[in-house]
*Asks:* 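Please find one structure pasted underneath; my questions will follow.
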Amino acid sequence: MIRSLSVSETAATPVSYRYWVLAILTVGLALSFVDRTVLSSIGEAVRVEFALTNTQFGFLQGPAFVVLYLAMCIPISRLAERYNRVVIVSISVGIWSLFTTLSGVAGSFVLLCLLRMGVGLGEAGSGPASQSIISDYFPPHQRARALSIYYLGMPIGILAGALFGGFATQYLSWRWAFVILGVPGLLLPLVMLATVREPGRGASDAADVDADHRPGFVETACYLFGVPAFRHLLMGTIVASFATYGLSAFTAPFLIRRFDFDYAQVGLFYGLVTGASYSAGLMLGGYMAPALARRDARWYGWLPAIGVALAALCYGLSFQQTRAAAMLPLLFFAGAFHFVYVGPTNGITQNLVSPRMRATTAAILFVSINIVAITLGPPVTGYLIDHLSATAYGVAGQAAYQQACTALTVSAACKKALAEGTSWSLIVISMFFLWSAAHFLMASRTVEHDLRRAHRS
């Protein structure tokens, strides 16, 4: 069993070790997004082989993944409030990596759905426990920055999944892409168990914080939803995440449909643009929000609102472009503005609760987001694409369109209709960021008062 550190031992750990822990957990997050991104980046090959509609492909990336994730996220987070979080994260990484590797042998749409459910089961145990560990190694004024660094795992994973998945699919097959990208996650748990120590609860908080008090789930949920800033931060994040997962599921296929990219080109351009832009947005939000909030705490709401509003504009313009050279720079700026909200919202949420509430708080946030974002984002976007593509093709009904246009080898008219339908669907989905911005602005009205209340409790 891994030795747990006491509160005093955790407080005395060197800064270099804290960043080592942060780096290992960031790699874990990166691997989770490798396993998510590989399907979206190589998905056109899967869709064609299994003759799927865009709605079915959206189901594969959304509900199929999220069903066990939602069922297990909160129960596992409750275990993380009581037991060794490092062990929980290590087991989780191993589980989702195993199911990703096995996805390479799926012989049908149904089997691939079942394997994606296994990936969701593994990922249910990682995020909340990881955030809780980070919050015990980093004090409140450093958490937004530390969590922004942690969330760099997202663009790193997207880059790796798109780049290696695209090249593996182009020169081997989409099945080998799953195998190649799943294996590293089977090795990380060994490194994690050997080098990461469980921190003392509440080690980085004020001395009068009662880290031994263990509030139940109902107590934690009632406290959270009684905080006005949290409610609006949650709604803003839910709506932004809905758009994020919808766009992420079909942006790489759009590059193939509009510009005739091959899988290696999609992996290179989509991976580099999104990886670089998301990283820029995460770091921008993580460093700017604490600096601005020292003068006015309302920046924790203002900055995310500005970011997602600008993202809506840039995404809307990017999907209208008919040349890749015009689209990709706009896509970069959209991603950079888009991800400004992640660090501030996650950091401030962790600051609003006590140490024994943190894993559960993160789980409530993840589950609330994913009930809407992953469950609905990809399939709703896929449905819009099928409907608008049929309209562009000039047939009455999705069934008639699907009968005429079932693969990439169909007529030029089918390809053009699919590209147009995808373009307009992604523009519609990107406008949800404006709704998200309204909630972040409303959160800014009470965030200062809510932080003072949290520090008094």
Side-chain angles (χ1 to χ4, degrees), residues 1-4 16-42 65 68-69 72-73 76 79-80 83-106 112 114-134 137 149-169 171-199 267 271 275 279:
M1 187 68 176
I2 296 177
R3 185 176 73 88
S4 298
S16 59
Y17 180 74
R18 298 177 186 217
Y19 278 96
W20 168 255
V21 173
L22 180 58
I24 291 293
L25 295 175
T26 301
V27 171
L29 182 65
L31 290 176
S32 76
F33 273 87
V34 164
D35 295 344
R36 296 187 195 191
T37 302
V38 63
L39 184 57
S40 60
S41 62
I42 69 174
F65 167 84
L68 285 181
Y69 181 99
M72 297 306 299
C73 191
I76 295 175
L79 293 177
Y83 301 107
N84 193 298
R85 293 163 288 181
V86 176
V87 172
I88 290 172
V89 175
S90 300
I91 293 172
S92 299
V93 174
I95 289 173
W96 86 57
S97 299
L98 175 63
F99 279 103
T100 296
T101 305
L102 292 175
S103 296
V105 301
L112 190 54
L114 293 173
L115 291 168
R116 295 305 292 174
M117 289 171 64
V119 174
L121 170 63
E123 293 197 21
S126 177
S130 295
Q131 284 203 23
S132 180
I133 292 170
I134 292 168
Y137 272 115
I149 294 172
Y150 169 69
Y151 275 102
L152 281 175
M154 188 187 302
I156 291 170
I158 290 171
L159 172 59
L163 191 61
F164 292 107
F167 275 86
T169 300
Y171 298 110
L172 296 171
S173 72
W174 65 263
R175 298 180 183 279
W176 274 107
F178 278 114
V179 174
I180 291 169
L181 293 173
V183 168
L186 299 175
L187 303 177
L188 181 65
L190 302 177
V191 178
M192 193 175 292
L193 291 170
T195 64
V196 177
R197 289 170 290 178
E198 172 76 359
S279 298

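Along the sequence shown, the residues carry numbers beginning at 1.
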*Asks:* Less than 4.5 Å apart, side chain to side chain, heavy atoms only: is that true for Phe33 and Pro155?
*Replies:*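 SC-SC contact between Phe33 and Pro155 ruled out.
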
*Asks:* With heavy-atom distances below 4.5 Å as the criterion, would you say the side chains of Ile42 and Phe178 are in contact?
*Replies:*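 A side-chain contact under 4.5 Å exists here.
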
*Asks:* Does any N or O in the side chain of Arg175 come within less than 3.5 Å of the main-chain N or O of Ala106, such that one atom is a donor and the other an acceptor?
*Replies:*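 Checked: pair present.
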
*Asks:* How long is the gap from CG on Leu25 to CD1 on Ile133, to the nearest 0.5 Å?
*Replies:*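 Going from CG on Leu25 over to CD1 on Ile133, the span is 5.5 Å.
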
*Asks:* Assess, by modelled atom type and distance only, whether the side chains of Trp20 and Thr195 contain a donor and an acceptor separated by less than 3.5 Å.
*Replies:*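 Checked: Trp20/Thr195 side chains pair up, N/O donor to acceptor below 3.5 Å.
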
*Asks:* Between Ser97 and Gly182, which heavy-atom pair has the shortest distance, and what is it?
*Replies:*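 For Ser97 and Gly182, the tightest heavy-atom pair comes out as CB-O, 3.4 Å.
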
*Asks:* Are Ile149 and Tyr19 close enough, and set up right, to give a side chain to side chain contact (heavy atoms under 4.5 Å, CB included), and what steps lead you there?
*Replies:* CA-CA 10 Å; Ile149 294 172; Tyr19 278 96; 4.1 Å; yes

*Asks:* For Tyr17, is the NZ or CZ atom of Arg197 found under 6.0 angstrom from the centre of its six-membered ring and inside 45 degrees of the ring axis?
*Replies:*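 Yes, a cation-pi geometry holds between Arg197 and Tyr17.
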
*Asks:* Can you see which heavy atom on Gly271 is nearest to which on Ala162, and at what distance?
*Replies:*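 It is CA-CB, 3.7 Å.
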
*Asks:* Is there a side-chain contact between Phe65 and Leu39, using heavy atoms and a 4.5 Å cut-off?
*Replies:*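 Not in contact.
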
*Asks:* Are any of the side-chain heavy atoms of Leu172 and Ile180 separated by less than 4.5 Å?
*Replies:*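 The answer is yes; the side chains approach within 4.5 Å.
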
*Asks:* Please walk me through it: do Met192 and Val89 pass side chain to side chain contact (heavy atoms under 4.5 Å, CB included)?
*Replies:* CA-CA 9 Å; Met192 193 175 292; Val89 175; 3.6 Å; yes

*Asks:* Do Leu29 and Ser126 pass the side chain to side chain contact (heavy atoms under 4.5 Å, CB included) test, and can you show the C-alpha distance, the side-chain angles, and the key distance before you say yes or no?
*Replies:* CA-CA 8 Å; Leu29 182 65; Ser126 177; over 6 Å; no

*Asks:* Side chains of Tyr69 and Leu121: closer than 4.5 Å at any heavy-atom pair?
*Replies:*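 No, side chains not in contact.
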
*Asks:* If you look at every heavy atom in Ala177 and Gly165, which pair is closest and at what distance?
*Replies:*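 Closest pair (atom of Ala177, atom of Gly165, distance): CB-O, 3.9 Å.
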
*Asks:* Determine, stepwise, if the pair Tyr151 / Gln131 fulfils side chain to side chain contact (heavy atoms under 4.5 Å, CB included).
*Replies:* CA-CA 10 Å; Tyr151 275 102; Gln131 284 203 23; 2.7 Å; yes

*Asks:* Rounded at 0.5 Å granularity, tell me how far CZ in Arg116 sits from OG in Ser103.
*Replies:*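 Atom-to-atom, Arg116:CZ and Ser103:OG are 5.5 Å apart.
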
*Asks:* Determine the minimum heavy-atom distance between Ile76 and Gly125, stating which atoms define it.
*Replies:*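 Closest approach of Ile76 to Gly125: CG2-CA, 3.5 Å.
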
*Asks:* Any side-chain heavy atom of Ile88 within less than 4.5 Å of one from Asn84?
*Replies:*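 Ile88 does not reach Asn84 side chain to side chain.
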
*Asks:* Provide the closest heavy-atom pair for Gly161 versus Val34 in the form atom of the first, atom of the second, distance.
*Replies:*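 The answer is N-CG2, 4.0 Å.
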
*Asks:* Atom CG of Leu115 and atom CG of Leu98: how far apart are they, to the nearest 0.5 Å?
*Replies:*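 Atom-to-atom, Leu115:CG and Leu98:CG are 9.0 Å apart.
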
*Asks:* Which heavy atom of Ser130 sits nearest a heavy atom of Tyr150, and at what distance?
*Replies:*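 Taking Ser130 first and Tyr150 second, the nearest heavy atoms are CB-OH, 3.5 Å.
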
*Asks:* Between Arg85 and Pro199, is any pair of side-chain heavy atoms under 4.5 Å apart?
*Replies:*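 Result yes, sub-4.5 Å side-chain heavy-atom pair found.
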
*Asks:* With heavy-atom distances below 4.5 Å as the criterion, would you say the side chains of Leu22 and Tyr137 are in contact?
*Replies:*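 No, their side chains stay 4.5 Å or more apart.
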
*Asks:* Answer yes or no: is there a donor N or O on one side and an acceptor on the other, between the side chain of Ser41 and the main chain of Val38, under 3.5 Å?
*Replies:*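 Looks like yes, one N/O pair under 3.5 Å.
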
*Asks:* Quick check: are there more than 12 heavy atoms from other residues, nucleotides or ligands sitting under 6.0 Å from CZ of Phe167?
*Replies:*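 Yes, because the 6.0 Å sphere around CZ of Phe167 holds more than 12 heavy atoms from other groups.
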
*Asks:* Will you find, in the side chains of Tyr83 and Glu198, an N or O donor that is under 3.5 Å from an N or O acceptor?
*Replies:*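 Absent: no donor and acceptor within the cut-off.
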
*Asks:* Can you tell me how far OG1 of Thr100 sits from CG of Leu186, rounded to the nearest 0.5 angstrom?
*Replies:*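 Output value for this atom pair is 9.0 Å.
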
